[in-house]
Amino acid sequence: MDKLILIDGNSIANRAFYALPLLNNSKGMHTNAVYGVTTMLLRLIEEEKPTHFLVAFDAGKVTFRHKEYKEYKGGRAKTPPELSEQFPLMKELLQAFNINQFELEGYEADDIIGTMTKLAEENNKQVLVVTGDKDLLQLASNNVTIALTRKGISEVDRFDPDKIREKYNLTPLQIIDMKGLMGDSSDNIPGIPGVGEKTALKLLHQYGSVEEVLAHSDELKGKMKEKVQLNADQAKMSKELATIYREVPLEKSIEQLQFDGFDQEAVITMFEKLEFKSLLEKMDGSDGLNNQQEQEEINYQIVDQQNVSLIVDKLPAIKSIHFEIIGENPHQAEVLGLSLYADNQSYYVPFELLQSEEATALREWLADEKHEKWIYDYHKTKVALFWHDIEIKGVSFDIYLTAYLLDPTETKNHTISGLSLKYGLSAMKNDDSFYGKGAKFQVPELSTLSEFLCRKVLLIQKLTPLMKANLEENELVELFYNMELPVAEVLAHMEIQGVKIDTNGLKIHGEEIQIKLDKIIKQIYTLAGTEFNINSPKQLGEILFDKLQLPVIKKTKTGYSTDAEVLEKLASEHEVVSKILEYRQLAKLQSTYIEGLLKEVRQDTQKVHTYFRQTIAATGRLSSQFPNLQNIPIRLEEGRKIRKVFVPSQENSYMLAADYSQIELRILAHISGDERLIDAFQNNMDIHTKTAMDVFGVREEEVDANKRRQAKAVNFGIVYGISDYGLSQNLNITRKEAAQFIKQYFAVFKGVKQFMDSIKQQAKQNGYVTTLLQRRRYLPEINSRNFNLRSFAERTALNTPIQGSNADIIKLAMIRIENRIQEENLKSKMLLQVHDELVFEVPEAELEIMNNLVPDIMESIIALKVPLKVDISYGKNWFEAK
DNA sequence: GGAATCACG
DNA sequence: ACGTACGTGATTCCA
């Protein structure tokens with residue numbers, strides 16, 4: 001069936017403009033609204049597959065509505081020039097997309113869309129109207145769905161008449177009445193003063209329309225009656241203003257709006273003009289290559305068994321090397337081969353050749369740390385090569401790690417092809433378009449492959465000096481050489497070492513859980529009166545809220561929310577709810593921590609080898625994958641038992657765990673210089689109790705468990721960039737009470753308040769914040785006019801220096817400890833890092849030395865205004881090391 | 001492939 | 001008034 005998409009161009013452009021940061025391209029054009037519109041168009045075309053398409057714009061400053069009410073849209077802030085200059089670009093873009101656009105003097109986009117939907121209904125076409133303006137809900141019908149943008153423009157809520165009834169309990173036409181009563185400040189429609197959405201809905205549910213409300217106004221009480229009667233005419237006029245005019249004299253028929261897909265070339269050209277690099281890469285027919293420019297010719301040569309000497313002779317001149325690694329997990333990745341660059345020429349060595357007798361000299365060169373090497377992703381390469389018995393040392397520069405330090409939030413485009421675009425070097429295909437994506441993945445034949453990989457190594461050679469210079473400009477040189485590059489080495493060690501798992505214990509634990517699960521599942525089916533998939537939030541929602549009629553606490557964008565917070569509130573309403581909570585807990589353990597972990601255990605060694613990602617977290621933290629060993633349960637006893645299966649790999653060894661106590665608040669004390677906080681830590685006080693005393697103004701004896709719990713939540717909130725709403729949610733108190741706590745906190749911890757203000761100021765001025773060791777995070781949205789984006793950036797400005805400095809400190813400690821273990825020839829191994837904790841396996845004979853050495857190093861690794869404190873313990877497994 | 005949920009710091 | 005806590009990864013369902 002035909003499908004027509006109608007877009008309210010002005011509304012969407014406005015939304016996009018305020019939702020996205022002000023992008024600037026190299027010619028100084030602002031392109032954020034165009035960008036937003038573009039992503040929306042691409043998605044609509046892809047997902048909706050429209051047969052007809054129209055974007056309508058407002059035209060003329062005066063519409064027929066101004067004749068009725070000359071204040072219409074008065075008082076509205078002028079369209080900023082940064083936005084108005086984007087409209088011509090948008091219109092050009094639509095042309096490239098072959099999408100019809102239309103505007104008509106004296107009418108608004110709404111009216112054009114209203115008229116079109118009427119026509120479409122007569123022709124029995126399905127219509128999707130896309131807008132940010134709730135007014136258009138009045139157009140919804142069986143054939144017409146309204147997609148309202150929310151949260152900027154990346155998401156839409158779809159409204160058909162049923163959905164409108166569900167949300168407002170109104171018919172689409174009653175939306176007009178709602179506007180008539182409550183008005184609309186953005187269009188300067190007055191409505192009835194003092195009537196907001198809630199009152200409007202109440203009145204309409206009772207009387208049905210503006211006219212009926214007015215007719216029964218004497219039934220109303222007090223102030224409300226007075227207001228309604230006083231503003232009766234204004235309400236009627238407001239309703240008229242809010243009514244979309246559906247008889248616009250259009251010259252277009254529906255058939256003229258036909259859409260047959262867009263012209264690749266034209267769109268690519270337009271994207272190039274606008275400099276939409278990420279979109280260019282995604283386009284079919286484009287591949288990260290600038291469509292119009294051909295790939296540069298390169299000099300390259302394939303090395304084979306006969307001419308290995310060719311490359312061996314060149315070794316002294318080689319800096320840049322590249323190992324092509326296939327697969328996300330370096331512990332089980334395939335290595336295709338090695339490319340090297342020397343003297344304006346690239347060479348490709350297939351991996352089989354590198355492993356052969358003939359290439360011994362090359363392998364020795366790789367393993368020799370005296371030979372300096374430039375590379376892309378040393379950490380992953382080192383791990384992958386280890387499993388193929390190849391050693392690599394002497395890496396002095398890593399463009400991947402550097403790209404991360406230069407911008408830790410931009411993680412997707414840190415590929416060689418992405419970086420070469422960014423630095424204005426010759427274009428090359430990205431991996432997805434070269435190999436194919438997903439099921440289409442295929443390694444091409446040698447000549448094609450070797451050229452591709454030689455291109456990569458050439459770009460490493462060219463990018464290295466550029467990125468080194470960039471590191472210097474950004475004062476990140478020391479961070480790179482003294483911290484991140486050594487950490488890469490330490491991590492590779494830890495990952496290769498792996499952690500021994502007691503698989504038998506794990507399996508037995510799994511069987512026990514399964515018995516409990518089977519029992520609970522039966523109980524749930526009985527209590528619910530039917531069998532269903534408990535894992536499906538959709539089916540569960542239907543059981544709880546439709547069948548059992550439990551009150552709806554919270555909704556998600558797809559339906560009812562059934563998360564733990566909701567279920568806890570419902571637990572007293574129906575027996576089944578607490579069973580579901582119990583089921584969820586056990587099912588999580590079973591799927592993620594029993595079965596999931598078992599899948600990752602190597603059969604030969606009974607070990608798991610995680611992969612710590614060094615370039616993912618925006619704050620400088622590590623993350624852990626395949627499996628994630630940074631989120632093994634601990635908070636609940638049932639889950640905590642999982643830790644019993646993490647055991648030492650050698651006989652007579654122990655698991656030893658050392659964690660920083662309250663490190664984030666200590667860092668806050670240091671960087672804020674808050675005297676009270678510093679004093680508290682210098683006197684080694686219980687920080688949450690101390691906070692409770694100061695915030696509630698009580699003596700130590702008066703701090704009960706509840707006061708301490710609340711103070712603890714406040715402390716957490718401070719570190720996250722507190723808001724009264726967030727705190728109220730967390731503590732289940734009113735917003736007012738939460739605001740009062742925060743006010744009290746700031747009144748006492750004045751230095752913290754001052755820090756929060758100054759760090760935000762700093763972020764606004766510089767565009768970035770830094771950690772203790774100069775790690776940087778850019779916050780482009782700190783100056784956004786969009787409240788949400790700006791607030792988010794402000795909270796990040798507060799949190800990143802704290803979380804990031806924590807990451808800095810523990811990374812330094814890891815390097816120092818690893819060095820000491822080597823220097824003193826200890827057999828102890830560092831196994832895991834969990835943000836503020838380090839886990840080791842330690843032979844019995846080294847227990848005493850490690851028990852001293854580890855906390856000594858961790859506590860003295862940096863001198864702050866407050867002491868750092870480390871708690872340490874050991875046991876036969878990770879559970880007992882608590 | 002995104003959304004929902006839940007595990008950790 | 002706006003609509004929220006900061007940072008991650010794995011599993012499951014479902015369009």
Side-chain angles (χ1 to χ4, degrees), chain A residues 18 46-47 150-151 154-155 185-186 196-197 408-409 437-438 533-541 554-567 580-581 584-585 587-597 599-600 610-613 616-636 639-640 642-643 659-660 662-664 713-714 716-731 735 738 742 777 785-804 806-807 810 832-837:
Chain A
Y18 287 107
E46 159 111 19
E47 289 174 9
R150 61 173 215 182
K151 273 197 183 174
S154 54
E155 293 162 18
S185 57
S186 72
E197 183 173 309
T409 53
K437 246 176 114 160
N533 186 347
I534 312 172
N535 285 328
S536 161
K538 185 162 170 264
Q539 293 181 35
L540 178 60
K554 190 165 67 170
K555 289 194 144 194
T556 67
K557 62 180 118 182
T558 52
Y560 305 119
S561 170
T562 68
D563 65 17
E565 194 194 322
V566 169
L567 295 185
I580 290 164
L581 279 165
R584 283 255 177 93
Q585 203 196 113
K588 177 87 177 180
L589 289 179
Q590 188 72 299
S591 66
T592 305
Y593 298 105
I594 308 268
E595 289 165 1
L597 200 55
K599 277 186 215 146
E600 297 287 346
T610 191
Y611 175 34
F612 287 109
R613 300 296 312 267
I616 299 295
T619 54
R621 272 191 177 182
L622 300 176
S623 78
S624 158
Q625 297 177 312
F626 320 129
N628 180 353
L629 295 183
Q630 290 182 319
N631 70 348
I632 302 303
I634 189 164
R635 293 174 188 167
L636 299 172
R640 189 174 195 155
I642 298 280
R643 294 185 170 223
D659 66 284
Y660 279 114
Q662 303 295 354
I663 187 170
E664 292 199 332
V714 172
F716 268 98
I718 294 293
V719 169
Y720 292 154
I722 201 156
S723 72
D724 51 7
Y725 182 85
L727 185 63
S728 72
Q729 288 292 300
N730 193 294
L731 283 177
R735 209 167 149 159
I742 295 169
R777 177 169 180 183
R785 289 146 309 218
N786 179 305
F787 176 87
N788 278 329
L789 295 177
R790 188 176 63 248
S791 305
F792 188 48
E794 287 175 355
R795 293 196 295 271
T796 312
L798 298 169
N799 177 260
T800 294
I802 301 174
Q803 195 182 114
N806 177 8
I810 197 163
L832 299 174
Q833 186 252 46
V834 195
H835 311 306
D836 63 358
E837 174 189 14

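This one's a predicted model, so the numbers in the text were calculated from it and none came from an experiment. Only heavy atoms go into these numbers, but all of them, side chains included; no hydrogens, no water, no symmetry mates. Protein chains get the first letters and strands the later ones, always in sequence-line order, with residue 1 at the start of each.
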message: At less than 3.5 Å, do the side-chain atoms of A:Arg795 and the base atoms of C:dG7 form a donor-acceptor pair?
response: no
query: Side-chain donor or acceptor of A:Lys588 under 3.5 Å from a matching atom on the base of B:dC6?
result: yes
- prompt: On DNA chain C, nearest-nucleotide positions of A:Arg621 versus A:Phe626: which is more 5'?
  reply: A:Arg621
task: Would you indicate what A:Arg584 reaches in the nucleic acid, counting non-hydrogen atoms under 4.0 angstrom: base, sugar-phosphate, or nothing?
output: sugar-phosphate
- request: Ignoring hydrogens and angles, answer whether the base of C:dT4 and the side-chain atoms of A:Arg735 contain a donor-acceptor pair closer than 3.5 Å.
  value: yes
- request: Classify the side chain of A:Ser723 and the base of C:dT4 as holding, or not holding, a donor-acceptor pair under 3.5 Å.
  value: yes
query: With a 4.0 Å cut-off on heavy atoms, is A:Thr562 in touch with a base, just the backbone sugar-phosphate, or nothing at all?
result: sugar-phosphate
message: What does the 5'-to-3' dot-bracket notation of DNA chain C look like when only Watson-Crick and G-U wobble pairs under 3.5 Å count, and pairs to other strands show as |?
response: .....|||||||||.
- prompt: What residues, two or more places apart in sequence or in another chain, satisfy ring pair (Phe, Tyr, Trp, His ring centres under 6.0 Å) together with A:Tyr660?
  reply: none
- prompt: Taking the same atom, P, in B:dA4 and in C:dT4, what whole-Å distance lies between them?
  reply: 13 Å
- line: Sorted by chain and residue number, the ring pair (Phe, Tyr, Trp, His ring centres under 6.0 Å) partners of A:Phe716 (sequence neighbours excluded) come out as none
message: Should the side chain of A:Gln803 and the base of C:dC6 be counted as holding a donor-acceptor pair, with the cut-off at 3.5 Å?
response: yes
